[in-house]
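Just below is one structure, and these are the notes that go with it.
In this chain, residues are counted from 1 in sequence order. Given the structure is predicted, the values throughout are model-derived calculations rather than measurements.
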Amino acid sequence: MSPLGRIALCLQYDGAAYCGWQRQPRDPSVQETLETALAALDPQRPARAVAAGRTDSGVHAAGQVVHFDAAGPIPAQRWAAALNGRLPASIRVRAAAAVPSDWHACFSASYRRYRYTLYNGRLPNLFLAPWSWHRYRLPLDEALMRQALEGMLGEHDFAAFERAGSARSHSRTTLQAVSVLRRGDLIEVELQASGFLYGMVRLVMGQLVALAEGRLSLEAFERRWRSGAREEVKEAAPPQGLCLLRVGYPQPVFPATAWYDCQPRFLLECPDAPPAASVPSTPPPGGRQATR
């Protein structure tokens, strides 16, 4: 048998087609589907695919990174085409590269970056629905969202934004960069961190939307995550608006065209934002009323 070689893949997938990354007892997972294709190409040694990050059911990936060990004769640069010929259309391999035997898709990563897309127009849009969260009743205050996220930058304990079932031994991580971009009725929120807790981005987005709609004050938002008040963080954003944008490493693994900002940005020609809400007679929970 040929000696083992480690291969890294840059992967895209439509999260709506799978129960998530990891194997589940019911619906197919991205991992299971990819490993089935790997086994067809390297039947003497079925490979185990290891991802840079776990994604939930319905969450998309534009630049997920995976590694596996292969013993067959296929050169590293040929794996992308070979796998795409055996994978469903909901999973695409953008690039493949040979990496050292001690390189690890998860543990060698220096950051992960996610993008969440919010649609703040009044009318439903069939083409946006699979890739965004439609919030149509109130105009969202993106400046407040940006202010809240910037206060979270750095290393902190984010236990308030961790779902039950996490295998991590602690809930500290470093939020490295954030951005909030509004273009008409579309708002794109990006978070980059050394690592994310289980369910963290969707829980953060649920709180940010409550803040941006005036249902939660900036003080209450900050108090909740700084005090680890997980019992107060009840609303998680739906999965379809979330996309694993890319995973970074100290040394580049793939060409920039294969992994950098591969998720297209939507553009709507005619904005139709919801009407401004009347000012509530009582301030939202947590003290000072969120301004608009």
Requested in this report: In sequence, state the C-alpha distance, the side-chain angles, and the governing distance for Arg113 and Glu190, and then conclude on salt bridge (charged side-chain N to carboxylate O under 4.0 Å, His left out).
Outcome: CA-CA 7 Å; Arg113 191 175 184 96; Glu190 295 188 13; 2.6 Å; yes
Query raised in the report: Can you list every pair that meets ring pair (Phe, Tyr, Trp, His ring centres under 6.0 Å) and has a residue in residues 32-64, with sequence neighbours left out?
Result: His60-Trp131
Query - Pairing residues for Arg122 by the salt bridge (Lys or Arg N to Asp or Glu O under 4.0 Å) criterion, not counting sequence neighbours - result: Asp272
Report task. If the plane angle is over 60° it's perpendicular, under 30° parallel, otherwise tilted; pick one for Phe221 and Phe161. Result -> tilted
Report task. With sequence neighbours left out, write down each residue that passes side-chain contact (heavy atoms from CB on, under 4.5 Å) with His67, or none if nothing qualifies. Result -> Arg6, Val50, Trp103, His104, Ala105
Query raised in the report: Under 4.0 Å between a Lys/Arg side-chain N and an Asp/Glu carboxylate O for Glu162 and Arg202?
Result: no
**Report entry** For Arg135, salt bridge (Lys or Arg N to Asp or Glu O under 4.0 Å) partners two or more places apart
**Finding:** Glu213
Query raised in the report: For Asp14, does its backbone N or O pair with a side-chain atom of Ser90 as donor and acceptor, under 3.5 Å?
Result: no
Query raised in the report: Residues in salt bridge (Lys or Arg N to Asp or Glu O under 4.0 Å) with Arg226, at least two apart?
Result: Glu222
Query raised in the report: Counting heavy atoms not belonging to Tyr249, are there more than 12 under 6.0 Å from its OH?
Result: yes
In a table with atom names and distances, give each donor-acceptor pair under 3.5 Å that connects a side chain of residues 81-88 to protein atoms at least two apart or in another chain.
from: Asn84; atom 1: OD1; to: Val93; atom 2: N; distance (Å): 2.8
from: Asn84; atom 1: ND2; to: Ala80; atom 2: O; distance (Å): 3.2
from: Asn84; atom 1: ND2; to: Val93; atom 2: O; distance (Å): 3.0
from: Arg86; atom 1: NH1; to: Ala82; atom 2: O; distance (Å): 3.3

Query raised in the report: Taking the six-membered ring of Tyr260, is the NZ or CZ of Arg246 close enough (under 6.0 Å from the centre) and on axis enough (within 45°)?
Result: yes
Query raised in the report: Would you say the side-chain atoms of Arg112 pair up with the backbone N or O of Ser194, donor to acceptor, closer than 3.5 Å?
Result: yes
Report task. Kindly say whether Ser132 contributes a backbone atom to a donor-acceptor pair with the side chain of Gln240 at under 3.5 angstrom? Result -> yes
Query raised in the report: Where does the angle between the aromatic ring planes of Phe158 and His156 fall among parallel (under 30°), tilted (30 to 60°) and perpendicular (over 60°)?
Result: perpendicular
Query - Asn120 side chain to Ala273 backbone, donor-acceptor under 3.5 Å - result: no
Query raised in the report: Is the CD atom of Glu231 crowded by more than 12 outside heavy atoms at less than 6.0 Å?
Result: yes
Requested in this report: Give the C-alpha distance, both sets of side-chain angles, the deciding distance and a yes or no for salt bridge (charged side-chain N to carboxylate O under 4.0 Å, His left out) between Asp56 and Arg163.
Outcome: CA-CA 12 Å; Asp56 292 338; Arg163 285 175 52 187; 2.9 Å; yes
Report task. May I ask you to test the Leu216-Arg224 pair for a side-chain heavy-atom distance under 4.5 Å? Result -> yes
**Report entry** NZ or CZ of Arg54 within 45° of Tyr198 ring axis and under 6.0 Å
**Finding:** yes
**Report entry** Basic-acidic side-chain contact under 4.0 Å: Arg265, Glu188
**Finding:** yes
Query raised in the report: Should Ile187 and Tyr136 be counted in the same cluster of Ile, Leu, Val, Met, Phe, Trp and Tyr side chains packed under 4.5 Å apart?
Result: no
Query - Test log, rule side chain to side chain donor-acceptor pair (under 3.5 Å), inputs Gln192 and Gln176 - result: CA-CA 5 Å; Gln192 177 176 306; Gln176 301 168 336; 3.2 Å; yes
**Report entry** Aromatic ring proximity, centroids under 6.0 angstrom, Tyr13 and Tyr18
**Finding:** no
